[in-house]
Amino acid sequence: MPSALTRLQIAAYGMGHVLNDACAILWFSYGLFFLHELCNMPAEMSGLVIFSGQIADAIATPAAGILSDSTPTSLPGGRRLIWIALGSICVIICFPRFFSPVVAASPVWSAVSASVFNIGWATTQVSHLALAPDLGGGQSTQLLLSVIRQVATVLSSLAAFVLVRVSLSKLSQPPSAHESAAAFHRVANSVVTAGGVASLLCILFVTKLCRCGAGFSAPPEGAGTAAAIKTEGATPGHGAGGAQPPHPRRKRQTTVDLLVEKAAPLGKWLTKRVFWHVGLLYTCARLALNLTATYVPLLLLEVCKRTVDEVASVPILMYTFQIVGAIGAERIALRITKDRTLFLYVIVSAASSLALSVVPSSAWLTILSAVCVQSLASSGVLVLVVAMQADAARQYPNYGHGFLYGTHSMLDKVSSGIAIVLLQHVAQAGAGSEASATDDGMAAPASSVAQHAYLVGACIVPMCASATAILLCARDALYPRPHILSPGMKRPANLEQATRQEAKEMEADILGQPLLPGHP
């Protein structure tokens with residue numbers, strides 16, 4: 001597979017989101033569990049705390065994208081790394097406080113910690129996503145970066161889950177709520193320490209690589225735009241018929257400045273079909289993934305009646321299968337196009353969610369199998385959709401990558417937050433006047449209404465999101481066409497020609513030029 005990037009660049013990019021990934025998986029998988037089950041916060045109040053974080057995230061994502069787009073490109077490492085650094089610092093400070101039993105005793109301070117942490121999380125997320133198109137590479141390279149990002153997500157999530165598993169296994173059995181909460185606080189501190197080191201390495205390596213990078217020309221927004229940028233970015237007297245090309249660093253800096261100076265108004269994105277199409281696909285993919293991560297532990301604990309120790313172990317198996325799903329999505333997409341691969345994966349995702357909703361709670365092995373297949377499919381869907389986001393960003397280089405990723409992430413966070421609040425409200429309404437806690441400090445067993453709410457969150461909502469994605473990608477899967485055309489290429493006339501043309505686009509890396517500045 002051709003790639004315009006070195007292995008060191010790819011590895012450095014993958015490390016940049018390790019802190020976010022490890023913290024996010026603890027947030028989604030154990031946030032409600034920690035507040036409601038261990039700290040005995042009412043179900044509706046715990047849902048509002050999670051919702052406050054989601055809303056802060058939703059507001060911060062487009063703002064972070066706009067700010068990173070408008071940041072001077074002359075900074076070391078380009079315009080994204082400074083925001084990755086600031087967001088990481090915010091996460092390191094606030095995330096352990098959310099998992100502190102002392103802070104969790106106050107819903108207000110829990111909401112504040114959750115909100116500030118999510119602002120930092122959103123800043124890092126959007127800047128890291130927007131860094132991928134800036135690094136360069138065509139469709140195959142952007143797909144590879146998406147896979148690397150997802151594999152890094154899975155590995156960091158696995159490490160976090162193993163850490164939770166080991167911490168809980170060292171407690172007296174069965175552990176009390178106070179002991180378990182203290183263990184989660186220790187895990188949170190360990191996660192931000194390791195993740196902070198990974199973020200630092202990413203910033204250092206990407207900055208160093210920018211200083212050593214080769215020259216480039218900007219990607220096309222159609223043939224005319226590409227030609228205009230190349231012409232304006234060239235030094236007079238050194239065009240196609242000149243004696244020698246311009247100095248690499250001078251050409252690189254000039255082209256990036258042109259892209260920033262010619263930045264289109266933010267509203268331009270809103271007029272593009274690809275913006276809304278990919279945005280809705282991303283929202284469906286993240287909604288399914290977030291709700292699964294949040295409610296599968298509660299489903300296993302309250303509906304399937306598994307122990308806390310088992311609940312902490314199951315996600316390790318889930319994220320192992322996500323590695324298989326991510327790598328498999330890339331391999332399949334290079335052979336049958338991303339659209340058809342996405343269509344296949346969302347069908348599998350919907351089918352596995354449906355199976356999980358109808359399997360009896362006593363069929364433990366069958367439930368585990370359905371959860372693993374659901375994880376495999378959801379991972380592949382996310383890899384493919386993020387690669388499509390990068391394709392759209394490279395197609396319109398002067399439209400602002402950060403705004404694209406920020407707005408899509410905002411849709412994801414708002415939809416996930418609203419779903420969690422509604423489901424927790426139903427769970428709280430069904431609790432009635434039942435006891436608020438058991439003798440060991442754990443929350444009382446969930447009512448039948450609450451159990452149905454957890455079932456809806458873990459199975460029904462992900463299934464509906466996958467079904468919506470099926471409708472969105474069915475046309476492009478059945479009648480594929482390249483998302484981006486090279487200058488001079490014509491729209492394909494039939495299915496076979498479209499498949500060959502997209503394969504040629506991906507292998508040729510037609511957009512494979514970086515947008516990072518060089519520094520002497």
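Heavy-atom basis, side chains included; hydrogens, waters and symmetry copies ignored. Note that the structure is a prediction, hence the values are computed from the model and not measured.
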Identified side-chain contact (heavy atoms from CB on, under 4.5 Å) partner of Tyr282 from the options Leu411, Leu404, Leu382 | Leu382
Exercise: identify the closest heavy-atom pair between Leu26 and Phe99 | O-CZ, 3.6 Å
Within the side chain of Ser379, is there an N or O that forms a donor-acceptor pair under 3.5 Å with the backbone of Ser375?
-> no
Test item: Asp412 and Leu287 side chains (from C-beta on) under 4.5 Å apart, heavy atoms = no
Who pairs with Tyr405 by ring pair (Phe, Tyr, Trp, His ring centres under 6.0 Å), at least two apart in sequence or on another chain?
-> none
Hey, are the side chains of Asn20 and His128 touching, using non-hydrogen atoms and a 4.5 Å cut-off?
-> no
Counting N and O atoms only, with roles assigned by atom type, does the side chain of Ser127 sit under 3.5 Å from a partner on the main chain of Thr124, one being a donor and the other an acceptor?
-> no
Partner set under side chain to side chain contact (heavy atoms under 4.5 Å, CB included) for Ile89, not counting sequence neighbours = Ile93
Side-chain (Ser113) to main-chain (Ser110) donor-acceptor, under 3.5 angstrom | no
Qualifying residues under side chain to side chain contact (heavy atoms under 4.5 Å, CB included), relative to Val192, sequence neighbours excluded = Leu19, Cys23, Ile92, Phe95, Pro96
Which atoms form the tightest heavy-atom contact between Ser115 and Ala56, and what is the distance?
-> O-CB, 3.6 Å
Nearest-0.5 Å distance that lies between atom OG1 in Thr320 and atom CG in Leu158 | 4.5 Å
Side-chain touch Phe98/Phe117, heavy atoms, less than 4.5 angstrom | no
Flag, side chain of Thr271 to backbone of Lys268, donor-acceptor distance under 3.5 Å | yes
Test Val147 against Gln150 for side chain to side chain contact (heavy atoms under 4.5 Å, CB included), laying out the working first.
-> CA-CA 5 Å; Val147 171; Gln150 182 65 11; 5.8 Å; no
How far apart are the closest heavy atoms of Val346 and Ala469, and which atoms are they?
-> CG1-CB, 3.8 Å
Asp391 and Leu143: CA distance, side-chain angles, deciding distance, side chain to side chain contact (heavy atoms under 4.5 Å, CB included) verdict | CA-CA 9 Å; Asp391 291 344; Leu143 181 59; over 6 Å; no
Is a side-chain N or O of Thr153 found less than 3.5 angstrom from the main chain of Asp21, in a donor-acceptor match?
-> no
List the atom of Val414, the atom of Ala58, and the distance in Å for their closest heavy-atom pair.
-> CG2-CB, 3.4 Å
Kindly assign one of parallel, tilted or perpendicular to the pair Phe275 and Phe403, based on the angle between their ring planes and the thresholds 30° and 60°.
-> parallel
Is a side-chain donor-acceptor pair under 3.5 Å present for Ser68 with Arg80?
-> yes
Is the shortest heavy-atom distance from the side chain of Leu155 to the side chain of Ile323 under 4.5 Å?
-> yes
Any donor and acceptor pair, going by atom type alone, linking the side chain of Ser349 with main-chain N or O of Tyr345 inside 3.5 Å?
-> no
Indicate the atoms forming the closest heavy-atom contact of Val191 with Ala22, along with that distance.
-> CG1-CB, 3.5 Å
